[in-house]
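Structure first, commentary second.
Just so you know, these numbers come straight off a predicted model, no measurement behind them. Throughout, a chain's letter reflects where its sequence line sits, starting with A, and its residues are numbered from 1.
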Protein chains: 2
Amino acid sequence: MPRMTTRKLKALETKKTLLETGLELFHKKGFDNVTVDEIAKKCNVSKGAFYVHFNTKYDIFNEKFKDIDNFYSTFQQGIPKNISASEKILMFYKAQMIYLRDELGKDLIRNVYMNAMSLTINKNHYLADPDRNLYKVINSFVQEGIENNEFKEELTTEEASVLITRCMRGTIYDWIIFGEEFDVVQEMTKFTSTILNGLKK
Amino acid sequence: MPRMTTRKLKALETKKTLLETGLELFHKKGFDNVTVDEIAKKCNVSKGAFYVHFNTKYDIFNEKFKDIDNFYSTFQQGIPKNISASEKILMFYKAQMIYLRDELGKDLIRNVYMNAMSLTINKNHYLADPDRNLYKVINSFVQEGIENNEFKEELTTEEASVLITRCMRGTIYDWIIFGEEFDVVQEMTKFTSTILNGLKK
DNA sequence: TAATTTAAGTGACCACAGTATTTGACTTTG
DNA sequence: CAAAGTCAAATACTGTGGTCACTTAAATTA
């Protein structure tokens with residue numbers, strides 16, 4: 001943590017205001033109907049200042065999306081010990097989908113998922129970062145499942161974990177491209193239990 | 001088929017030229033490095049004319065992408081009769097991934113998949129159109145598998161087909177967001193066989 | 001064949017994300 | 001404390017996808 005000078009504090013304050021105002025406007029009007037100018041103006045700051053703190057308009061949503069890691073940690077503590085690895089994964093995914101749907105919202109997820117695809121991201125997007133908490137959580141469940149003889153050992157822990165998280169991304173992608181009748185919680189459960197079945201002995 | 005007047009013929013010729021020139025330039029320089037103006041200019045036509053024939057820049061790639069339906073038809077004819085439904089699906093997917101990778105290319109697929117997510121598509125994108133040949137092909141394989149007692153009947157034919165095509169979209173999404181070392185053919189096989197395992201009795 | 005309708009094509013224009021350059025207040029250094 | 005350096009912020013600008021009002025030539029109708 002660098003020493004906090006007056007200037008740095010003020011900059012941090014600006015960033016925070018931009019972030020909160022951006023989220024609020026996106027929520028109210030939808031991502032595509034909000035301009036960077038509008039966010040800046042509402043913060044009494046220039047557009048240039050926005051780009052001091054964020055690389056793209058998407059970054060507002062990306063930043064918020066990372067909150068999900070906190071969700072993971074708090075969720076993991078409340079999970080029962082006496083259920084199978086599969087059940088843990090299903091519980092975890094179900095809670096996560098409810099969180100995405102009700103807390104973050106489809107508009108945010110759409111934009112995070114779109115942004116992750118864009119070529120102009122030089123480094124890997126957070127979504128594909130193997131150090132994400134998500135991968136650690138799933139990995140530990142899978143490991144447990146293999147140790148308990150619940151899952152077969154055809155695939156490595158890492159390979160199985162990738163497939164399980166791919167289930168999630170695939171379902172979320174479908175949630176975005178299919179119409180309103182798509183029930184992301186139910187579809188996630190259906191898809192993931194089938195994959196887990198395929199991994200079982 | 002409407003009667004072909006001189007004018008309609010000329011318009012069709014313009015559209016064809018725009019399409020071919022667009023594809024050529026996208027292939028040569030990458031989608032993001034080609035402007036609509038550039039395509040139009042190379043066809044000796046104004047940018048406005050481009051938008052008479054296409055709704056968005058993406059449409060060039062979308063149109064080409066639809067060629068994949070022809071691929072499906074020709075592929076289906078050469079498939080052996082005496083293998084299981086699962087094997088047919090795996091063969092089909094493998095051939096399709098090779099086609100995507102080597103014929104259409106990742107840049108095209110990225111843009112089709114991105115475009116499908118955008119909110120401004122009023123109707124469903126082609127990718128999510130249930131009348132696509134893809135869904136018919138997979139549906140027939142699944143039906144066969146259920147009739148042969150290869151797959152369990154927990155899920156309806158439609159539900160199982162959706163899951164199987166979701167495997168494909170999920171893998172392609174990962175192909176796009178993960179780095180260069182991602183082997184789309186191998187990953188597709190791994191993911192799909194696990195799902196098929198989960199569907200088997 | 002003359003009048004009317006249709007639609008392909010034009011080109012100036014707009015909106016808006018992102019960039020390059022400059023400014024000046026704050027911080028660091030000697 | 002003064003000079004030098006830094007960096008948040010401002011401003012003007014660019015590039016590009018897409019739009020709109022209009023033109024013009026071909027097609028249709030009378």
Side-chain angles (χ1 to χ4, degrees), chain A residues 1-19 21-22 25-26 29-63 107 110-112 114-115 117-122, chain B residues 1-19 21-22 25-26 29-63 107 110-112 114-115 117-122:
Chain A
M1 195 67 135
R3 206 177 106 260
M4 272 306 155
T5 60
T6 317
R7 195 154 68 153
K8 275 182 188 156
L9 271 173
K10 200 163 164 261
L12 222 66
E13 177 64 27
T14 305
K15 179 167 184 177
K16 195 179 154 219
T17 313
L18 283 168
L19 189 64
T21 308
L25 286 174
F26 290 163
K29 307 173 60 176
F31 185 83
D32 292 335
N33 303 314
V34 177
T35 68
V36 174
D37 257 321
E38 186 182 355
I39 299 170
K41 194 158 286 172
K42 204 167 178 189
C43 297
N44 299 312
V45 126
S46 74
K47 178 154 69 164
F50 181 94
Y51 285 99
V52 168
H53 297 289
F54 303 99
N55 292 318
T56 70
K57 185 182 168 188
Y58 284 105
D59 277 22
I60 295 278
F61 269 164
N62 285 336
E63 199 111 339
D107 192 46
R110 168 187 289 109
N111 284 290
V112 170
M114 279 185 80
N115 182 238
M117 298 177 92
S118 90
L119 250 189
T120 53
I121 310 291
N122 38 2
Chain B
M1 194 67 136
R3 205 176 109 259
M4 272 305 156
T5 61
T6 316
R7 193 153 68 149
K8 277 183 187 155
L9 273 172
K10 202 165 163 259
L12 221 66
E13 177 64 27
T14 304
K15 178 168 184 176
K16 196 181 154 217
T17 313
L18 283 167
L19 189 65
T21 308
L25 287 173
F26 289 164
K29 308 172 62 176
F31 185 84
D32 293 335
N33 304 314
V34 177
T35 67
V36 175
D37 256 322
E38 185 181 355
I39 299 170
K41 195 157 286 172
K42 205 168 177 187
C43 297
N44 300 311
V45 125
S46 72
K47 177 154 70 164
F50 181 95
Y51 285 97
V52 169
H53 298 290
F54 303 99
N55 291 319
T56 70
K57 184 182 169 189
Y58 285 104
D59 276 22
I60 295 278
F61 268 163
N62 285 336
E63 200 112 337
D107 193 47
R110 168 186 289 109
N111 283 290
V112 170
M114 279 185 81
N115 182 237
M117 297 178 93
S118 89
L119 251 188
T120 53
I121 310 290
N122 37 5

Within the pair Thr5(B) and dA27(D), is there a side-chain N or O less than 4.0 Å away from OP1 or OP2?
yes

Rounded to whole angstrom units, what separation is found between the CG atom of Leu9(A) and the P atom of dA9(D)?
12 Å

Can you build the contact string for nucleotides 9-21 of chain C? Use B for base contact, S for sugar-phosphate-only contact, and - for no protein heavy atom under 4.0 Å.
BBB----SBBB--

From CZ of Arg7(B) over to P of dA26(D), roughly how many Å is that when rounded to an integer?
9 Å

Lys16(B) has an atom NZ; how far is it from atom C1' of dA8(C), in whole Å?
19 Å

Lys15(B) with Glu63(B): basic N within carboxylate O range, under 4.0 Å
yes

Residue list, side-chain hydrogen bond (donor to acceptor under 3.5 Å, both in side chains) with Lys29(B), at least two apart or on another chain
Glu38(B)

Can you tell me how far CG of Asn111(B) sits from CG of Asn62(B), rounded to the nearest 0.5 angstrom?
9.0 Å

Nearest-Å distance for atom pair NZ/P, residues Lys8(B) and dT6(C):
13 Å

Which residues share a salt bridge (Lys or Arg N to Asp or Glu O under 4.0 Å) with Lys57(A), sequence neighbours left out:
none

Parallel, tilted or perpendicular: which fits the ring planes of Phe26(A) and Phe31(A), with parallel below 30° and perpendicular above 60°?
tilted

Tell me: CD1 of Ile39(A) to P of dA10(D), nearest whole Å?
15 Å

Mind calculating the distance between CG (Leu25(B)) and P (dG17(D)) to the nearest angstrom?
12 Å

If you define the side chain from C-beta out and look only at heavy atoms, does anything of Phe50(A) sit under 4.5 Å from Ile60(A)?
yes

